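All remarks here apply to the structure that follows.
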Amino acid sequence: MPPVDSNDYKKKLCHMYNEISKELFGFGTTSLRAAVEPNLITLYARHRKSPRSTALEGEAPTLKHEVDFYMSSIYKKRIREKLEQEFELSIEAVLRDYDPHTQWAITNIILAES
């Protein structure tokens with residue numbers, strides 16, 4: 001099913017994204033919006049900094065970087081699964097980048113050609 005560029009559809013995408021954030025980090029985002037194109041969904045999110053992340057940043061910055069990398073990988077896996085199951089989307093790739101200094105994350109979901 002191709003994505004729909006409507007406010008209701010974008011709200012559902014944002015809700016799903018925020019639920020994954022709560023599952024993984026214990027809290028949702030501070031800012032979140034979605035953009036939908038025929039073969040691309042982009043989610044712009046600003047996350048809260050967790051106390052664990054702040055502690056690791058000061059004591060073990062290399063470990064914090066590794067944790068950020070693995071959490072981002074888990075995020076991509078979960079968002080792919082949910083989009084395929086709940087939105088019946090066929091996904092080619094999920095790309096995500098996260099800036100730990102500003103807490104911004106951009107997630108691009110490239111949809112398979114139908």
Side-chain angles (χ1 to χ4, degrees):
M1 170 186 276
V4 180
D5 187 14
S6 71
N7 286 338
D8 189 47
Y9 193 82
K10 290 175 186 174
K11 271 186 186 177
K12 288 178 183 173
L13 289 168
C14 289
H15 179 75
M16 178 206 59
Y17 186 98
N18 224 9
E19 288 301 311
I20 295 170
S21 180
K22 289 176 187 174
E23 287 172 21
L24 293 178
F25 305 112
F27 41 77
T29 60
T30 59
S31 175
L32 179 59
R33 72 180 176 92
V36 176
E37 296 179 33
N39 289 323
L40 179 68
I41 296 170
T42 302
L43 295 155
Y44 305 85
R46 190 164 196 177
H47 292 262
R48 292 188 175 116
K49 194 169 202 165
S50 76
R52 286 177 284 197
S53 184
T54 303
L56 281 176
E57 199 170 61
E59 298 295 323
T62 303
L63 177 60
K64 183 201 179 289
H65 183 72
E66 286 183 42
V67 169
D68 286 347
F69 173 80
Y70 285 109
M71 293 308 289
S72 193
S73 295
I74 293 168
Y75 217 108
K76 292 191 306 186
K77 180 180 173 190
R78 294 243 175 112
I79 201 165
R80 175 188 280 266
E81 291 169 352
K82 289 202 177 233
L83 286 169
E84 288 175 342
Q85 292 170 1
E86 295 176 21
F87 290 78
E88 299 179 4
L89 295 174
S90 180
I91 296 171
E92 181 80 25
V94 177
L95 309 170
R96 185 170 193 265
D97 199 6
Y98 169 70
D99 178 32
H101 300 291
T102 63
Q103 309 297 308
W104 278 102
I106 307 290
T107 305
N108 283 314
I109 298 116
I110 301 171
L111 304 175
E113 300 278 333
S114 52

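Below, all heavy atoms of this structure are taken into account, side chains as well, without hydrogens, waters or symmetry copies. Treat the numbers as computed from the prediction; the structure is a model and nothing was measured.
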Check the angle between the aromatic planes of His47 and Tyr75 and answer parallel, tilted or perpendicular using the 30° and 60° thresholds. perpendicular
Determine, using the 4.5 Å side-chain heavy-atom cutoff (strictly less than), whether Ile20 and Ile74 are members of one ILVMFWY cluster. yes
Hphob cluster co-occupancy, Val94 + Phe25, side-chain heavy atoms under 4.5 angstrom: yes
What are the two closest non-hydrogen atoms of Gly28 and Lys22, and how far apart are they? N-CG, 3.7 Å
Please examine the side chains of Leu43 and Ile79, heavy atoms only from C-beta on, and report whether any two atoms are closer than 4.5 Å. yes
If you group Ile, Leu, Val, Met, Phe, Trp and Tyr whenever their side-chain heavy atoms sit less than 4.5 Å apart, what else falls in with Tyr98? none
Closer than 3.5 angstrom, by distance alone: can the side chain of Ser73 be matched with the main-chain N or O of Phe69 as a donor-acceptor pair? yes
Exercise: identify the closest heavy-atom pair between Cys14 and Leu32: O-CD2, 3.2 Å
Interatomic distance, Leu95 atom CG to Ile110 atom CD1 [nearest 0.5 angstrom]: 4.5 Å
Please determine whether a side-chain nitrogen of the Lys or Arg among Lys82 and Glu19 lies less than 4.0 Å from a carboxylate oxygen of the Asp or Glu. no
Tell me whether Met16 shares a hydrophobic cluster with Met71, the cluster being built from Ile, Leu, Val, Met, Phe, Trp, Tyr side chains joined at under 4.5 Å. yes
If you take all heavy atoms of Ala93 and Arg80, which pair is closest and at what distance? CA-NH2, 3.6 Å
Looking at Asn39 and Ala112, what are the two nearest heavy atoms and their distance? OD1-O, 4.4 Å
If you count heavy atoms of other groups shown closer than 6.0 angstrom to CZ of Arg52, is the number above 12? no
Leu13: which of Leu83, Asn18, Asp8 passes side chain to side chain contact (heavy atoms under 4.5 Å, CB included): Leu83
List the steps and the verdict of side chain to side chain contact (heavy atoms under 4.5 Å, CB included) for Asp68 and Lys64. CA-CA 6 Å; Asp68 286 347; Lys64 183 201 179 289; 2.6 Å; yes
Could you please spell out the steps behind the side chain to side chain contact (heavy atoms under 4.5 Å, CB included) verdict for Asp97 and Asn108? CA-CA 9 Å; Asp97 199 6; Asn108 283 314; over 6 Å; no
State whether the number of non-hydrogen atoms from other residues, nucleotides or ligands found under 6.0 Å of Lys12 atom NZ is greater than 12. no
How long is the gap from CD1 on Ile109 to CG on Leu89, to the nearest 0.5 Å? 8.5 Å
Any side-chain heavy atom of Thr107 sitting closer than 4.5 Å to one from Ile41? no
Hydrophobic cluster membership, with links at side-chain heavy-atom distances under 4.5 Å among I/L/V/M/F/W/Y: are Trp104 and Phe27 in one? no
Tell me if a side-chain donor or acceptor on Thr30 pairs with a main-chain N or O of Arg48 at a distance below 3.5 Å. no
Take Leu40 and Leu111 through the test side chain to side chain contact (heavy atoms under 4.5 Å, CB included) and record every step on the way to the result. CA-CA 6 Å; Leu40 179 68; Leu111 304 175; over 6 Å; no
Arg33 side chain to Lys10 main-chain N or O, any donor-acceptor pair under 3.5 Å? no
Hey, could you give me the CD/NE2 distance between Gln103 and His101, rounded to the nearest 0.5 Å? 9.5 Å
In Å and rounded to the nearest 0.5 Å, what is the OG1 to CD distance from Thr42 to Glu37? 6.0 Å
For Leu24 versus Arg78, what's the shortest heavy-atom pair and its separation? CD2-NH1, 3.0 Å
Just how far is it from atom CD of Glu59 to atom OG1 of Thr54, taken to the nearest 0.5 Å? 12.0 Å
Holding to side-chain hydrogen bond (donor to acceptor under 3.5 Å, both in side chains), I want the full list of residues that pass it with Ser6, two or more places apart in sequence or in another chain. none
Should the heavy atoms of other residues, nucleotides or ligands under 6.0 Å from NZ of Lys11 be counted, would the total exceed 12? no
